[in-house]
Structure formats: C-alpha cells, structure tokens
Amino acid sequence: MRRSIRTAVVAALLVAASLVTPSSAAAAARNPVVFVHGMTTDASDWNAWIDRFRADGYQSSELYAWSYDWKQSNATTAAQLQTKVQEVLAATGATKVDIVAHSMGALSSRWYIKYMGGTETVDDFVSIAGVNHGTNVAVFLPVVNGGDGTEASVFCPVYKSCREMFWGSSFLRSLNSGDETPGSVSYATLWSTCDAVIDPDISAKLDGAANMSVGCVEHTEMNEDASNYTKVRDFIA
C-alpha cells in the first residue's frame with residue numbers, strides 16, 4: 001500500500017512539473033527590472049518599453065519605474081535608488097535586480113553600483129544614451145511649464161545634477177576613476193551616432209562594457225525605439 005501511495009505521489013509530481021510552461025520557468029529565473037529616467041522626465045518616460053516587456057511575458061510585479069527629483073545631485077538620487085532596489089528585493093524575494101537607465105539616469109545608477117553596494121545587488125546594467133563621460137552642449141533645457149503646458153528654456157547649470165554631467169566635472173572624475181565597470185555586474189551601453197545631447201557621441205561608452213552603436217537615433221527616442229528595446233531585452237534575459 002505504501003509503495004502504491006508513493007508511486008501515485010511521484011506520478012502526480014511529474015504531471016505537475018509537465019504543466020510548468022517555459023514562460024513560467026523563465027519568469028522564475030529572471031531578475032526584476034528597475035528603470036531610471038533622465039533629466040526633465042519621470043517614471044512615465046518608460047511607459048512604452050514597460051508595455052513591450054509585458055507583451056513579451058513580463059509581469060507588472062517584475063517591472064519598476066520610479067520618479068525622483070532630477071534637479072538634485074546624482075549622488076542623492078543614487079541613495080534613493082539604493083532604497084528603491086532594497087524595496088524591490090524585499091517585495092519580490094529576488095537577490096538581484098537589473099537596472100536600465102536613460103541619459104543622466106546612468107550617472108546615479110553607476111554611482112550606486114560603484115560606491116553604494118550595488119555590485120552585490122545588480123546583475124545587469126544597461127546605459128541608454130548615458131552621459132557617462134559628460135557632455136559639452138546641454139546648457140539649455142526645455143522644461144514644461146506646469147501652468148499652461150508651454151515650454152520655457154531653462155539655464156541648465158542652475159541645477160546641481162546638470163553641473164555634474166558637464167565634461168570634466170568633479171563628479172564625473174570620481175565616477176570614472178579606476179574601473180568604470182566594477183564588480184561582477186554585466187554592463188552594456190547603447191549609443192547613437194547623432195545624439196545632439198551627448199557630445200561627443202562616444203561619451204556614452206564605458207570601458208569594459210558591451211558598447212552597442214545603434215546608428216542615428218535622437219536622444220529622446222533612445223529609450224522608446226523598438227530596436228533598442230530588443231537589444232536591452234536580450235541583454236538582460
């Protein structure tokens with residue numbers, strides 16, 4: 001009788017295992033994704049790609065876009081990102097996350113990874129049009145006026161975050177000193193050959209990363225472009 005019961009239990013387990021779909025197995029194995037936006041934007045900047053991730057089988061509980069005050073120091077944002085990652089790990093039970101950052105968001109993300117323990121909690125990091133070595137041209141920024149929806153030109157250096165991303169800033173010298181891709185994190189960058197915000201274009205590349213030229217794509221389109229999405233999805237898979 002005991003042998004019969006044991007045989008029945010084993011058979012039931014085998015049937016249950018056969019019902020686990022490949023997508024379910026993949027979901028269990030992958031990391032939650034944390035998205036970090038850039039200047040003058042917020043979490044909604046990732047809506048198009050989050051929809052694509054969902055269409056490709058990701059659950060909402062695996063995708064985390066969050067907003068922060070882009071005017072503050074990137075080091076301050078890095079501390080907030082550290083808190084956000086810990087919240088995601090606690091909520092999901094995962095041990096690591098993947099971080100996908102656009103433009104200035106790459107700076108706070110890399111600061112977190114390099115100086116705030118992120119090498120232990122980040123598996124894959126993707127910088128999309130990241131201002132990784134600074135830029136010479138982003139002096140004026142269009143900022144939407146919350147009153148009537150019109151745009152006004154704002155002198156960028158009034159904000160600390162903006163001063164930090166200028167070529168040769170003390171922030172960038174510290175961020176890029178020594179190893180630009182520390183730890184066991186897998187790093188990738190996507191950079192455009194005609195990015196009017198990142199000057200020079202190759203500023204977006206990182207030593208030790210998989211640096212992928214995506215051809216001529218405008219800066220603000222880099223984290224909306226369908227082909228770029230596919231590259232990111234495949235890299236963090």
Side-chain angles (χ1 to χ4, degrees), residues 13 16-38 41-70 72 74-130 181-190 206 209-210 222-226 228-237:
L13 290 174
S18 69
L19 295 176
V20 177
T21 64
S23 60
S24 298
R30 65 193 172 211
N31 303 312
V33 185
V34 178
F35 299 90
V36 185
H37 65 79
T41 60
D42 55 30
S44 65
D45 201 37
W46 295 105
N47 287 350
W49 276 18
I50 286 177
D51 287 344
R52 291 182 183 276
F53 272 106
R54 287 174 178 154
D56 283 338
Y58 277 73
Q59 304 299 311
S60 297
S61 58
E62 298 174 288
L63 305 168
Y64 295 85
W66 62 293
S67 299
Y68 61 89
D69 182 359
W70 59 265
Q72 66 194 5
N74 290 288
T76 300
T77 303
Q80 295 172 348
L81 175 58
Q82 180 186 46
T83 299
K84 183 63 179 180
V85 168
Q86 292 302 321
E87 290 174 352
V88 170
L89 294 178
T92 61
T95 58
K96 290 190 176 184
V97 302
D98 295 331
I99 293 180
V100 178
H102 177 238
S103 191
M104 191 185 73
L107 301 186
S108 57
S109 301
R110 291 180 56 214
W111 192 272
Y112 161 61
I113 292 171
K114 187 168 187 173
Y115 292 120
M116 307 185 75
T119 54
E120 300 300 318
T121 57
V122 178
D123 187 20
D124 300 317
F125 168 69
V126 185
S127 164
I128 304 164
T181 52
S184 59
V185 180
S186 295
Y187 295 84
T189 74
L190 274 63
L206 289 172
M222 285 287 285
N223 65 329
E224 296 181 0
D225 182 84
N228 287 358
Y229 162 76
T230 300
K231 290 181 175 64
V232 172
R233 181 203 62 196
D234 292 348
F235 182 81
I236 67 175

Side chain to side chain contact (heavy atoms under 4.5 Å, CB included) between Ile236 and Phe53: does it pass, once the steps are laid out? CA-CA 12 Å; Ile236 67 175; Phe53 272 106; 3.9 Å; yes
Are the side chain of Glu62 and the backbone of Gln59 linked by a donor-acceptor contact shorter than 3.5 Å? yes
Shortest non-hydrogen pair, Pro182 vs Tyr187, comes out as O-OH, 2.6 Å
With rounding to the nearest 0.5 Å, note down the distance linking CD1 in Ile128 to OH in Tyr229. 11.5 Å
Please confirm whether Tyr68 and Trp66 have ring centers closer than 6.0 angstrom. yes
Backbone N/O of Ala226 and side chain of Thr230: donor-acceptor pair under 3.5 Å: yes
Check whether the side chains of Asn228 and Asn223 place a donor and an acceptor atom closer than 3.5 Å, and report yes or no. no
Is the closest side-chain heavy-atom distance between Val185 and Thr181 below 4.5 Å? no
Where is the tightest heavy-atom contact between Arg30 and Gly57, given as atom of each residue plus distance? NH2-O, 2.8 Å
Not counting sequence neighbours, which residues clear ring pair (Phe, Tyr, Trp, His ring centres under 6.0 Å) with Phe235? List them please. none
Donor-acceptor pair between Tyr112 and Asn74 side chains, under 3.5 angstrom: no
Residue pair Thr119 / Lys96: nearest heavy atoms and the distance that separates them: O-NZ, 4.4 Å
Would you mind listing every side-chain hydrogen bond (donor to acceptor under 3.5 Å, both in side chains) that reaches into residues 78-95, with sequence neighbours excluded? Gln72-Gln80
Of all heavy-atom pairs linking Ala106 and Ser127, the shortest is CB-OG, 3.6 Å
In short, Ala43 meets Ser67 closest at the heavy-atom pair N-OG, 2.9 Å
Just one of Val34, Ile113, Thr76 clears the side-chain contact (heavy atoms from CB on, under 4.5 Å) bar with Leu81, so which one? Val34
Considering all heavy atoms, the nearest Tyr58-Asn31 contact: CE2-O, 4.5 Å
Treating Asp98 as the side-chain partner and Asp124 as the backbone partner, does any N or O pair qualify as donor plus acceptor under 3.5 Å? yes
With rounding to the nearest 0.5 Å, note down the distance linking CE in Met104 to CH2 in Trp70. 7.5 Å
Using modelled atom types only, decide if a donor and an acceptor are shared between the side chain of Ser109 and the backbone of Gly105 within a distance under 3.5 Å. yes
Between Met222 and His102, is a side chain to side chain contact (heavy atoms under 4.5 Å, CB included) present by the stated rule, with each step listed? CA-CA 8 Å; Met222 285 287 285; His102 177 238; 4.2 Å; yes
Using the test ring pair (Phe, Tyr, Trp, His ring centres under 6.0 Å), find all partners of Tyr64 that sit at least two apart in sequence or belong to another chain. none
Where does the angle between the aromatic ring planes of Phe35 and Trp46 fall among parallel (under 30°), tilted (30 to 60°) and perpendicular (over 60°)? tilted
